[in-house]
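Every heavy atom of this structure was used, including side-chain atoms; hydrogens, water molecules and symmetry mates were not.
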Amino acid sequence: MFPTTATKLTELNSEQVLALQKSLFLAGYHLTVDGILGPETKQIFAQFKKDAKLTRPSEMGQTTLDALVEAIAENLRTPTDTTKSPAKVDLQLIKKWEGMRLNAYLCPAGVWTIGYGCTYLANGRRVIKGDRLNSKAEAEQLLVQVFSRDFLPKLQAIPHWQEMSAGQQTALASFAWNLGAHFYGNGDFNSITRALKNKDWVGVPRALRLYNRAAGKVNQGLINRREDEVRSWNAR
């Protein structure tokens, strides 16, 4: 299905693009699976290659395929049973700041969202206008499913994650849910990446507070959310 020699994404046919999207999804990346090579797929593929420490962000090849297979295996090794790993991370902070809506709505960034801030459904499809959940219980189940599948594996890959207290893990879970599962190691998050990598527990609250802007402007809601995360982090 995939080419094993160096091939540009733009040279893939629709079946290959669809297979690539499915593979990225299985590896834990949020994206629309539709067989169309749009800006989202290109961006997610580039992020995957960056996470895998590979060059040439718009090119496929054997090395990329090997890394993709490894990423899928790693993601699938992470338990998604809601009685296991998700219960170890308190999601109450996420629920508090996201609120809960049964009907799909446009978030401030203009993205269709549902439940507790979910932009994807359990089957991997993007939330669209008209989507509806049946109950609060369904919204909570979706939160746990999406978190355990798409966020927890990324958080567990952060250095010293297993050494963190429950409060510290809760703080990072809320931060990731708000700003993206791939924040660690991303060039836009150098401050918090450095603090976590160096196990600078005292410096983490200072780093958290830096991320308080929306559309380039300081946002009071984000200031308040970061302070809640700082309190959780410091509670140990």
Side-chain angles (χ1 to χ4, degrees), residues 18-35 40-41 43-52 67-102 104 107 109 111-128 131-159 161-162 164 166 168-186 189:
L18 184 64
L20 174 61
Q21 291 170 333
K22 289 180 178 179
S23 298
L24 289 168
F25 179 77
L26 289 173
Y29 291 81
H30 277 306
L31 79 165
T32 303
V33 179
D34 57 7
E40 180 191 46
T41 299
Q43 180 182 356
I44 294 297
F45 181 75
Q47 181 63 54
F48 161 72
K49 295 205 71 171
K50 181 178 180 181
D51 293 342
L68 193 53
V69 169
E70 183 178 345
I72 292 172
E74 180 62 31
N75 193 45
L76 294 179
R77 277 196 292 269
T78 302
T80 55
D81 185 340
T82 59
T83 64
K84 295 181 181 178
S85 55
K88 295 180 181 179
V89 180
D90 189 346
L91 304 181
Q92 291 304 313
L93 208 54
I94 292 175
K95 293 165 74 173
K96 171 184 175 180
W97 284 102
E98 296 295 336
M100 193 278 292
R101 300 190 197 181
L102 295 179
C107 75
V111 178
W112 286 103
T113 308
I114 204 167
Y116 291 100
C118 296
T119 56
Y120 286 79
L121 300 179
N123 62 6
R125 176 175 67 77
R126 271 188 177 276
V127 175
I128 60 175
D131 281 341
R132 174 177 171 76
L133 300 176
N134 294 317
S135 64
K136 179 181 178 182
E138 187 177 359
E140 292 182 343
Q141 181 181 29
L142 179 62
L143 168 62
V144 171
Q145 288 175 327
V146 173
F147 179 81
S148 61
R149 182 191 67 205
D150 301 327
F151 285 77
L152 188 58
K154 306 301 182 296
L155 291 169
Q156 290 174 325
I158 294 174
W161 172 262
Q162 298 300 335
M164 296 179 195
Q168 291 171 332
Q169 292 182 353
T170 295
L172 291 186
S174 172
F175 185 83
W177 192 262
N178 179 219
L179 294 170
H182 299 277
F183 76 87
Y184 182 84
N186 186 303
F189 296 89

>> For V146 and T119: C-alpha separation, side-chain torsions, deciding distance, then whether side-chain contact (heavy atoms from CB on, under 4.5 Å) applies.
In response: CA-CA 9 Å; V146 173; T119 56; over 6 Å; no

> More than 12 foreign heavy atoms under 6.0 Å from NZ of K95: is that the case here?
Replying inline: yes

> Nearest 0.5 Å, what's the CH2-CG distance between W112 and D131?
Replying inline: 9.5 Å

> So, do M100 and L133 sit near enough that their side-chain heavy atoms are less than 4.5 Å apart?
Replying inline: no

>> Set out, in order, the CA-CA distance, both residues' side-chain angles and the distance that settles side-chain contact (heavy atoms from CB on, under 4.5 Å) for H182 and Y29, then state yes or no.
In response: CA-CA 9 Å; H182 299 277; Y29 291 81; 2.9 Å; yes

>> Tell me the closest heavy-atom pair linking P153 and F147, and the distance in Å.
In response: CD-O, 4.4 Å

> If you measure from CG on L91 to NZ on K96, what distance do you get to the nearest 0.5 Å?
Replying inline: 15.0 Å

>> Minimum heavy-atom separation for A71 and F48, please, with both atom names.
In response: CB-CE1, 3.9 Å

>> Determine whether F25 and R149 satisfy the following criterion, side-chain contact (heavy atoms from CB on, under 4.5 Å), listing intermediate values before the conclusion.
In response: CA-CA 10 Å; F25 179 77; R149 182 191 67 205; 3.7 Å; yes

> Would you find more than 12 non-hydrogen atoms of other residues, nucleotides or ligands less than 6.0 Å from R101 atom CZ?
Replying inline: no

> What pair of heavy atoms forms the shortest contact from W177 to C118, and how long is it?
Replying inline: CZ2-SG, 3.7 Å

> Under 3.5 Å, is there a donor-acceptor pair between the side chain of Q21 and the main chain of G35?
Replying inline: yes

> Do the charged groups of K154 and D51 touch, with an N to O distance under 4.0 Å?
Replying inline: no

> When rounded to the nearest 0.5 angstrom, what distance separates CD in Q47 from CG in L24?
Replying inline: 11.0 Å

> Atom CG of L155 and atom CD of Q169: how far apart are they, to the nearest 0.5 Å?
Replying inline: 8.5 Å

> Would you say W161 and L172 make side-chain contact, with heavy atoms under 4.5 Å?
Replying inline: yes

> Minimum heavy-atom separation for S174 to L93, with atom names?
Replying inline: CB-CD2, 3.9 Å

>> Return the OG1 to CZ distance between T170 and F175, rounded to the nearest 0.5 Å.
In response: 15.0 Å

> Between OH of Y120 and CZ of R125, what distance do you get to the nearest 0.5 Å?
Replying inline: 11.5 Å

> Under the side-chain contact (heavy atoms from CB on, under 4.5 Å) criterion, do L121 and V127 qualify, and how do the steps go?
Replying inline: CA-CA 6 Å; L121 300 179; V127 175; 3.9 Å; yes

> Between C107 and T113, which heavy-atom pair has the shortest distance, and what is it?
Replying inline: CB-OG1, 3.6 Å

> What's the verdict on ring pair (Phe, Tyr, Trp, His ring centres under 6.0 Å) for F189 and Y184, showing C-alpha distance, side-chain angles and the deciding distance?
Replying inline: CA-CA 7 Å; F189 296 89; Y184 182 84; over 10 Å; no

> Taking all non-hydrogen atoms of both residues, which atom of L102 and which atom of I114 are closest, and how far apart?
Replying inline: O-CD1, 3.4 Å

